[in-house]
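Some notes on the structure that comes next.
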There are 2 protein chains.
Amino acid sequence: MSATATQTTILDAGEELFAEAGFAATSLRELTARAGANLAAVSYHFGSKEGLAIAVLKRRMDPINAERRARLDALPAQPSVEAIVRAFVEPLLRPGVVHDAAPVQPGSGFCRLVGRLMVEQPPFLRDFLAAQFRELGWRFCGALQRALPDCDAATLWWRLHFLVGAIAHTLQNAATLRHLTDDLCRDDDVDAVVEQLVQFAASGMQSKAPAPPARRRRTETLG
Amino acid sequence: MSATATQTTILDAGEELFAEAGFAATSLRELTARAGANLAAVSYHFGSKEGLAIAVLKRRMDPINAERRARLDALPAQPSVEAIVRAFVEPLLRPGVVHDAAPVQPGSGFCRLVGRLMVEQPPFLRDFLAAQFRELGWRFCGALQRALPDCDAATLWWRLHFLVGAIAHTLQNAATLRHLTDDLCRDDDVDAVVEQLVQFAASGMQSKAPAPPARRRRTETLG
DNA sequence: GATGCGGTCAAACATACGTTTGAATGTCGT
DNA sequence: ACGACATTCAAACGTATGTTTGACCGCATC
């Protein structure tokens, strides 16, 4: 059964509004109003608000992660670190991913949505997001380790994690940065932003692994 | 007029719960129950829920940014990039900042709160956060530019922005990473995490500035 | 010991939320 | 043309929210 027009407009509106204000702060009345749909349509088609959020994510995340996998597999035998980073970053930030008739634009709601939900991580999404990312993370970590044999896996995982944070924050707050810098940093040139990010992350990845600190601080979790 | 005990316990509870679930998803009833205070106390002492959120942030952010400024001023004449990055990262991630009788612990609510609200950025907080960060950002950008004369200011601002994203994501989702990597990446050794972050960011900062892309993509904002 | 006042409290307020209901509407195959 | 099924709709449901109210308490001060 293919998605009806109503389902699509609701998914689009969810993408936009969840990205804009977050999951908890978005009401279904506002959402269905923007979608031009009836309030009850959300429950009818997606079961609940949470079900809608998962559907919104799933619609885009699956193709993006598939493209990441494909680009990882398409790399040469001895890929540069930059090429690996690029395979991770570009499928998310650049257009090209299509679902139904709505291609993902670089500035579209979904980009910001990922930035938002990746960090907001409502409890009901944690397992879903972790499951989405686990296998892919290990694959990229493995590729990086082959390119950087001096780095342990933990260090590379941390750096992948930092990269995800940088991506998420950029996706969501690029406009803030622009405002903060009096338009010095423009967010309307996607290619330039991608290059900045790839350059920064590729260089960070190739840093030498830090030596474990001499004394261990008493056990405290960081978050 | 100094803060009463009630105000302090409410601020503490706000720190914890806003960090845990975000601003919109936290109810004042849950919050005041945890604080052992009456529901009406929030309106009485802070005016509103939004007023409370600002007070929670302000209590910690002012001393942390002051310490960042102090450490920046205390750097030698020709500081290394790593030293500058460290002056930015450590005041936020390491303990030592004290307000009233409650020191900021590395795993305390506030660390995660910053990670959360830095990215959630409810509309009413945007101007507040931007004002907090603007002057500090320019100072760090200036210091970086003196250490990296080949980099333009925009590139360094972007990298500072990436660093903020990496910090925020780490503060908030370190536990997720731990789970994702089957305990390979531990979040209970704060020193090690700080070293990972500093190492990664310092190296990323020193990357050569990317050449501006040949053709400009049509105007689209990224977020 | 009366008065004023900052602080606390239980209760109520109006509103907004996510979800459900049951009737109405459209759209197929036959 | 008709029955069946999927979809839409306005309305209502129960609950939870942020905020306000007005009585009450503990102390200082006069």
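Quick note on labels: first sequence line is chain A, next is B, and so on, each numbered from 1. Keep in mind the model is a prediction, meaning the values are calculated, not measured.
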Here the pair of heavy atoms bringing A/Leu52 nearest to A/Ile10 is CD1-CG2, 3.8 Å
Between CZ of B/Phe23 and P of D/dT17 the distance, given in whole Å, is 13 Å
For B/Ala87 and B/Leu72 the tightest heavy-atom approach is CB-N, 4.3 Å
Next on the checklist: Taking only side-chain N and O atoms of A/Ser43, does any of them lie within less than 4.0 angstrom of OP1 or OP2 on C/dG18?
Outcome noted: no
What I want to find out is whether B/Arg139 reaches B/Asp73 closely enough, with some N-O distance under 4.0 Å, to be called a salt bridge. yes
Atom NZ of B/Lys49 and atom P of D/dA16 are separated, to the nearest Å, by 15 Å
Per nearest nucleotide of DNA chain C, the residue lying toward the 5' end, A/Thr26 or B/Ala37, is B/Ala37
Item to complete: Determine the contact category for A/Ala40: base if any of its heavy atoms lies under 4.0 Å from a base atom, sugar-phosphate if only primed atoms, P, OP1 or OP2 are that close, otherwise nothing.
Response: base
Check every strand shown and say whether B/Thr32 touches a base, only sugar-phosphate, or nothing at a heavy-atom separation below 4.0 Å. nothing
Separation of C/dT20 atom C1' from A/Leu28 atom CG, nearest Å, is 13 Å
Between A/Phe23 and A/Phe124, is the ring centre distance below 6.0 Å?
-> yes
From CG of A/Asn38 across to C1' of D/dT8 the rounded distance in Å is 6 Å
Review point. Counting any heavy atom closer than 4.0 Å, what does A/Ser27 reach on the DNA or RNA strands: base, sugar-phosphate only, or nothing?
Key: sugar-phosphate
Between A/Cys141 and A/Ala153, the two heavy atoms sitting closest are SG-O, 3.8 Å
B/His45 atom NE2 is separated from C/dC5 atom C1', nearest whole Å, by 14 Å
In whole angstroms, the gap separating P of C/dA11 from CZ of B/Arg29 amounts to 13 Å
To the nearest angstrom, the OH-P distance between A/Tyr44 and C/dT20 comes to 14 Å
**Report entry** Distance below 4.0 Å between B/Thr4 side-chain N/O and C/dG7 OP1 or OP2
**Finding:** no
From CG of A/Leu39 across to P of C/dT19 the rounded distance in Å is 9 Å
